[in-house]
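Take a look at the structure set out below.
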Amino acid sequence: MSEVLVLVDHVDGAVSKPTLELLTLAKKLGEPSAVYIGPADKAGDAAERVKAFGAEKVYVVDDAATKGYLVAPKVETLQQIAEQAGGADSLGGVLVVSNFEGKEIAARLAVRLGSGLITDAVDVADDGTTTQSVFAGNYTVAAKVTHGTPIITVKPNSANPTEGAGAGTVEQFTPTISERAKAAQIVASQPRKSTGRPELTEAAIVVAGGRGTGGDFAPVEGFADALGAAVGASRAAVDSGWVPHSYQIGQTGKTVSPQLYVANGISGAIQHRAGMQTSKTIVAVNKDEEAPIFELVDFGVVGDLSTVLPAATEQVAQR
Ligand code: FAD
């Protein structure tokens with residue numbers, strides 16, 4: 001079976017759920033090998049985690065050589081691992097999480113390996129055919145890389161991570177990073193202030209607010225906190241400067257697929273739906289009973305969010 005490289009997405013060694021989804025999909029294409037580029041002291045835990053989800057091999061790369069730079073050193077690292085594994089003609093594929101950094105890495109790697117690239121896949125079949133949901137979810141495209149090894153970025157929440165231990169053989173890998181790759185350096189970075197809430201794309205419950213909040217997200221946040229949920233937003237709320245862009249759900253934001261999605265003061269524009277329509281249960285609070293969001297909800301509340309949400313929060317708090 002050919003080796004399939006999975007770039008491990010993590011925060012300080014804590015492996016993200018989308019990485020586990022990639023490992024699940026990688027098993028369809030061949031033998032998953034996880035590539036961990038991160039702090040050496042967290043490598044053991046990360047390796048155990050990816051092993052539990054099927055990694056046969058774990059390449060451990062100390063991020064001392066890549067830290068402080070943009071993506072180029074990571075691309076060189078992946079390229080060298082790919083070449084060691086036999087190059088584009090031998091590899092079964094390379095899977096990367098579809099986020100801003102992942103997409104840039106995948107694109108640069110595709111150029112270096114002379115391989116085809118597919119971005120934003122929502123599924124990968126055994127024969128490498130991917131599914132993409134395009135034009136705000138109006139069309140489903142089946143596409144396949146026909147040259148080199150398939151390099152695929154997969155949107156978070158595209159698969160259910162399936163446990164099943166792989167061999168998890170750890171191989172320390174020391175890349176040779178060129179001076180050129182170090183040409184752009186990060187001069188300052190500021191960690192995002194932690195809200196203490198779950199990560200939006202990984203949360204089981206998402207409570208989102210739109211223009212209908214009028215800029216007051218307190219009722220949305222209060223309800224989210226009562227439920228232990230993540231807070232999301234429509235683009236209208238983000239463009240108004242009420243919440244950061246990292247909250248945006250939709251075509252040009254994040255894709256979420258929680259067990260429960262609660263849309264508050266959100267009309268349900270097609271670009272918003274593109275990022276939340278696969279949620280398992282959808283609830284909307286909107287004062288306009290004609291709002292398009294009501295076409296796709298499981299439960300709808302016609303009412304003003306500034307009264308409905310505090311009442312709902314109180315009910316939840318009493319349980
Ligand atoms: P509106 O459409 O203005 O709806 C506000 C809703 O709040 C209304 O239904 C109203 O009845 C209700 N309301 C008002 N007051 C209250 C109240 N007190 N209580 C309860 N309900 C109330 N949008 C996204 O969300 N994500 C994207 O990623 C995205 N990408 C886009 C990409 C492109 C290329 C384009 C062209 C657009 C994109 N949009 C995106 C924008 C999208 O088309 C809509 O404009 C946006 O989703 C509208 O946000 P909204 O529902 O919050 O606002």
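All heavy atoms count here, side chains included; hydrogens, waters and symmetry mates do not. When a ligand or atom number is given, it counts from 1 through the structure's own listing order.
Looking at Ser240, its side chain does come within 3.5 Å of a backbone N or O of Ala236 through a donor-acceptor pair. Remark: side-chain polar atoms of Thr24 are paired, donor with acceptor, to backbone N or O of Leu20 under 3.5 angstrom.
There is no protein heavy atom closer than 4.0 angstrom to atom 45 (O) of ligand 1.
No side-chain donor-acceptor contact under 3.5 Å links Gln248 and Arg235.
Dense packing is recorded around CD of Glu199, with more than 12 heavy atoms of other residues, nucleotides or ligands lying under 6.0 Å away. Within 6.0 Å of NE2 on His147 lie no more than 12 heavy atoms contributed by other residues, nucleotides or ligands. Atom CD of Gln185 has more than 12 neighbouring heavy atoms from other residues, nucleotides or ligands inside a 6.0 Å radius.
Linking Ile, Leu, Val, Met, Phe, Trp and Tyr residues whenever their side-chain heavy atoms come within less than 4.5 Å leaves Ile105 and Leu22 in two separate clusters.
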Which side-chain N or O atoms in residues 162-178 pair as donor and acceptor under 3.5 Å with protein atoms at least two apart or in another chain?
{"unit_1": "Thr162", "atom_1": "OG1", "unit_2": "Asn160", "atom_2": "O", "d": "3.2"}
{"unit_1": "Glu171", "atom_1": "OE2", "unit_2": "Gln84", "atom_2": "NE2", "d": "2.8"}
{"unit_1": "Ser178", "atom_1": "OG", "unit_2": "Glu76", "atom_2": "OE1", "d": "3.4"}
{"unit_1": "Ser178", "atom_1": "OG", "unit_2": "Glu76", "atom_2": "OE2", "d": "2.6"}
{"unit_1": "Ser178", "atom_1": "OG", "unit_2": "Ala181", "atom_2": "N", "d": "3.1"}

Please report, to 0.1 Å, the donor-acceptor pairs under 3.5 Å made by any side chain of residues 298-308, with sequence neighbours excluded.
{"unit_1": "Asp298", "atom_1": "OD2", "unit_2": "Ile282", "atom_2": "N", "d": "2.6"}
{"unit_1": "Asp304", "atom_1": "OD1", "unit_2": "Ser306", "atom_2": "N", "d": "2.9"}
{"unit_1": "Asp304", "atom_1": "OD1", "unit_2": "Ser306", "atom_2": "OG", "d": "2.7"}
{"unit_1": "Thr307", "atom_1": "OG1", "unit_2": "Asp304", "atom_2": "O", "d": "3.0"}

| said: Lys28 vs Asp123, test: salt bridge (charged side-chain N to carboxylate O under 4.0 Å, His left out). Steps then yes/no. | reply: CA-CA 11 Å; Lys28 296 185 183 180; Asp123 196 13; 3.4 Å; yes
Item to check | Residue pair Lys17, Thr201: steps toward the side chain to side chain donor-acceptor pair (under 3.5 Å) verdict | outcome: CA-CA 9 Å; Lys17 178 172 162 270; Thr201 54; over 6 Å; no
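For the pair Val122/Ser158, a side-chain contact is recorded, criterion being any heavy-atom separation below 4.5 Å from C-beta on. With a 4.5 Å cut-off on side-chain heavy atoms, Leu7 and Leu95 do not count as touching.
Those atoms of ligand 1 that come under 4.0 Å of a heavy atom in Gly303, given as number and element, are 19 (N), 20 (C). Within ligand 1, the atoms closer than 4.0 Å to a non-hydrogen atom of Gly253 are 28 (O), numbered from 1 in the order shown. Those atoms of ligand 1 with a heavy atom of Gly210 less than 4.0 angstrom away are 52 (O). Here is the list of ligand 1 atoms found below 4.0 Å of a heavy atom in Thr252: 27 (C), 28 (O), 29 (C), 30 (N), 31 (C), 32 (C). Annotation for ligand 1: atoms under 4.0 Å from non-hydrogen atoms of Asp304 are 17 (C), 18 (N), 19 (N). For ligand 1, the atoms lying closer than 4.0 Å to a non-hydrogen atom of Gly250 are 26 (N), 27 (C), 28 (O). If you number the atoms of ligand 1 from 1 as listed, the ones under 4.0 Å from a heavy atom of Ala269 come out as 42 (C), 43 (O), 44 (C), 47 (O).
What sits closest to atom 27 (C) of ligand 1 on the protein, heavy atoms only, is Gln248 NE2, 3.2 Å. For atom 19 (N) of ligand 1, the closest non-hydrogen atom on the protein side is Leu305 N, 2.9 Å. For atom 23 (N) of ligand 1, the closest non-hydrogen atom of the protein is Arg235 CB, 3.2 Å. Ranking protein heavy atoms by distance to atom 48 (C) of ligand 1, first place goes to Ala236 CB, 4.0 Å. Annotation: atom 1 (P) of ligand 1 to nearest protein heavy atom, Ser267 OG, 3.6 Å. For atom 6 (C) of ligand 1, the nearest protein heavy atom (residue, atom name, distance) is Gly265 O, 3.3 Å.
Relative to atom 53 (O) of ligand 1, the option among His245, Arg211, Gln251 with the closest non-hydrogen atom is Arg211. When the heavy atoms of Ser234, Gly232, Ala263 are ranked by distance to atom 50 (P) of ligand 1, first place goes to Ser234. The nearest non-hydrogen atom to atom 10 (C) of ligand 1, considering only Val308, Asp288, Asn286, comes from Asn286. Nearest-heavy-atom check against atom 43 (O) of ligand 1 across Arg273, Glu289, Gln271, Lys254 picks out Gln271. In the candidate list Met276, Lys287, Glu290, Lys287 is nearest to atom 22 (C) of ligand 1, counting heavy atoms. The closest non-hydrogen atom to atom 16 (C) of ligand 1, taken over Gly209, Gly212, Gly275, Pro219, comes from Gly212.
Of the heavy atoms in Ile249, only backbone atoms (N, CA, C, O) come closer than 4.0 Å to ligand 1.
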